[in-house]
Amino acid sequence: MTQKKILVTGAMGQIGSELTEELRRRYGSENVVATDIRKPDGKLAESGPCDVLDVTDRAAVFTLIKKHEINTIYHMAAILSATGEKNPALCWNVNMNGSINIMDAAVELDLGTIIIPSSIAAFGPETPRFDTPQETILKPKTMYGVTKVCGELLGDYYVKNLGADIRGLRYPGIISSETLPGGGTTDYAVDIFYKAVEDGKYTCFVREDTMLPMMYMPDCIKATIDLAEADKENLLHCCEYNLSALSFTAANLTEEIKKHIPDFKVSYQPDFRQAIADTWPASIDDSAARQEWGWAPDWDLESTVKDMLEKLRARS
Ligand code: NAD
Ligand code: AKB
């Protein structure tokens, strides 16, 4: 079997940072090159090869892939929903042109598996809100969502017409304890833990009845690597697997945290991100992922909250 030589783009981000560590554990540190537009530092820089890479720089993408003899890519570089609404042109440029550069490299340099994440942001207000089906209406209202739908469709095109092996998941909001999220609408579901531990109070930027699909980082990493490792023959979809683990309201999350910190106080002051959250589903039907590559989450709300608080308290 050919040795995997893996490139992670956006490796300084919330998912890329933890994904890189797990990939290095599994495939050997020297075989996983962590890149970001920001200079990689800390644990990421100490534990294996790193480079600065702007994914919109096509020549730099091709040069780096050739230099490190890359055959597998986890493409995590992106601009998320809230930042994307503040700067839609940047969001389009990074998410579309960055992904096209990666997809072209996959074809022109004859690479192996490429993972390009999508998001629940691919859905919109016309999509069924509960148990959102795999095949459904995709009419997002954010620039971020538009780039996610275009990315899914383009990925399918490259797979069906150009022979690339591109796979993708519609991640829900990801909760994690290691790297802060980078400008999304679901960031409150991470911020709340830091504020609970540090201050005992939090002002939440969505209403208490806002219900969104979420997932704890260990499940996100497992799903991502499992999809990359799945037998291609079994995959009837490629770039758009629905993925589900948790669904809760902001109030449900507050109540669960209060079981550990009874005096924790949360007030709700919705800002522009409420309007984005209101266009996204509350829960997801991920039966295609379960059937085609054996997806099943390990973490529920109770275990996620307990683990998050233990990790953050140990550091405070
Ligand atoms: P993040 O914002 O935390 O990290 C993205 C990284 O990309 C950052 O480190 C940033 O510096 C880097 N970046 C930005 N522009 C770049 C460029 N031009 N070239 C190279 N790097 C650049 O994002 P994340 O949460 O880790 O998301 C990773 C992927 O997962 C994205 O495709 C995102 O849309 C998707 N996703 C994330 C979530 C979530 O809740 N975290 C949910 C759904 C989908
Ligand atoms: C965001 O809120 O933008 C992301 C996502 C759900 O894609 N966390």
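Indexing begins at 1, ligand by ligand and atom by atom, following the structure's order. We number each residue from 1, following the sequence as shown.
- In terms of hydrophobic clustering, with Ile, Leu, Val, Met, Phe, Trp and Tyr side chains grouped at heavy-atom distances under 4.5 Å, Y171 and W280 are assigned to different clusters.
- Judged by distance alone, with hydrogens and angles left aside, the side-chain atoms of T210 form no donor-acceptor pair with the main-chain N or O of T249 at under 3.5 Å.
- Looking only at protein heavy atoms, the nearest one to atom 15 (N) of ligand 1 is V94 CG1, 3.8 Å.
- For atom 5 (C) of ligand 2, the closest non-hydrogen atom on the protein side is S119 OG, 3.5 Å.
- The distance from the CG atom of N97 to the CD1 atom of I102 is 12.0 Å, given to the nearest 0.5 Å.
- Within ligand 1, the atoms closer than 4.0 Å to a non-hydrogen atom of P117 are 29 (C), 30 (O), 32 (O), 35 (C), numbered from 1 in the order shown.
- Residue I276 does not touch ligand 2, judged by heavy-atom distances below 4.0 Å.
- The nearest protein atom to atom 4 (O) of ligand 1, hydrogens excluded, is given as G13 CA, 3.2 Å; this is a heavy-atom distance.
- Within the structure, the closest approach of R170 to ligand 1 does not fall below 4.0 Å when heavy atoms are considered.
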Between Q14 and D187, is a side chain to side chain contact (heavy atoms under 4.5 Å, CB included) present by the stated rule, with each step listed? CA-CA 10 Å; Q14 188 194 8; D187 293 12; 5.7 Å; no
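- Contact annotation: A11 has no heavy atom less than 4.0 Å from any atom of ligand 1.
- By the criterion of a heavy-atom distance under 4.0 Å, neither the backbone nor the side chain of H75 is placed next to ligand 1.
- Residue contacts with ligand 1 for M12 involve both N, CA, C or O and side-chain atoms from C-beta outward (heavy atoms, distance under 4.0 Å).
- Numbered from 1 in the order shown, with element, the atoms of ligand 2 that lie under 4.0 Å from a heavy atom of T185 read 1 (C), 2 (O), 3 (O).
- With hydrogens and angles ignored, the 3.5 Å screen pairs a side-chain donor or acceptor of N87 with a backbone N or O of L90.
- Scanning the protein for heavy atoms near atom 20 (C) of ligand 1, the closest one is L53 O, 3.1 Å.
- The nearest heavy-atom contact from the protein to atom 40 (O) of ligand 1 is I174 N, 2.9 Å.
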Would Y241 and W295 satisfy ring pair (Phe, Tyr, Trp, His ring centres under 6.0 Å), going step by step from the backbone distance to the final call? CA-CA 10 Å; Y241 279 101; W295 159 247; over 10 Å; no
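- Atoms of ligand 1 lying under 4.0 Å from any heavy atom of S119, numbered from 1 in the order shown and given with element: 43 (C), 44 (C).
- Among all protein heavy atoms, the one lying closest to atom 18 (N) of ligand 1 is D54 OD1, 2.9 Å.
- The side-chain heavy atoms of I116 and C239, taken from C-beta on, include no pair separated by under 4.5 Å.
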Determine, step by step, whether E240 and K148 satisfy the salt bridge (Lys or Arg N to Asp or Glu O under 4.0 Å) criterion, reporting the C-alpha distance in whole Å, the side-chain angles of both residues, the deciding distance to 0.1 Å, and the verdict. CA-CA 9 Å; E240 71 280 2; K148 288 300 175 188; over 6 Å; no
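- Scanning the protein for heavy atoms near atom 31 (C) of ligand 1, the closest one is A78 CB, 3.6 Å.
- Note: an N/O pair closer than 3.5 Å links Y144 and ligand 2 by distance alone.
- For atom 4 (C) of ligand 2, the nearest protein heavy atom (residue, atom name, distance) is L80 CD2, 3.7 Å.
- Side chain to side chain, N95 and Y144 fail the donor-acceptor criterion of an N or O pair below 3.5 Å.
- Short contacts between ligand 1 and P172, defined as distances under 4.0 Å to a heavy atom of the residue, involve ligand atoms 40 (O), 42 (C), 43 (C).
- Between the E152 side chain and the S118 main chain, no donor and acceptor come within less than 3.5 Å of each other.
- Of the protein's heavy atoms, Q14 OE1, 2.8 Å lies nearest to atom 41 (N) of ligand 1.
- Close contacts of ligand 1 with G173, meaning ligand atoms under 4.0 Å from a residue heavy atom, involve 40 (O).
- Here the heavy atom of the protein found nearest to atom 34 (O) of ligand 1 is Y144 OH, 2.5 Å.
- Inclusion of Y171 in the set of residues having an N or O under 3.5 Å from an N or O of ligand 1 is not warranted.
- Residues W299 and F193 share a hydrophobic cluster, clusters being chains of Ile/Leu/Val/Met/Phe/Trp/Tyr side chains in contact below 4.5 Å.
- Atom numbering of ligand 2 starts at 1 in the shown order; those under 4.0 Å from a heavy atom of W280 are 1 (C), 2 (O), 3 (O), 6 (C).
- Checking Y158 against D104 by side-chain atom types alone, a donor-acceptor pair falls below 3.5 Å.
- Ligand 1 lies within reach of S118, whose nearest heavy atom is under 4.0 Å from it.
- Judged by distance alone, with hydrogens and angles left aside, the side-chain atoms of T254 form a donor-acceptor pair with the main-chain N or O of A250 at under 3.5 Å.
- Between T186 and ligand 2, a contact under 3.5 Å exists for at least one N or O pair.
- Side chain of K160 to main chain of G155: no donor-acceptor pair is present (N/O by atom type, distance under 3.5 Å, no hydrogens or angles).
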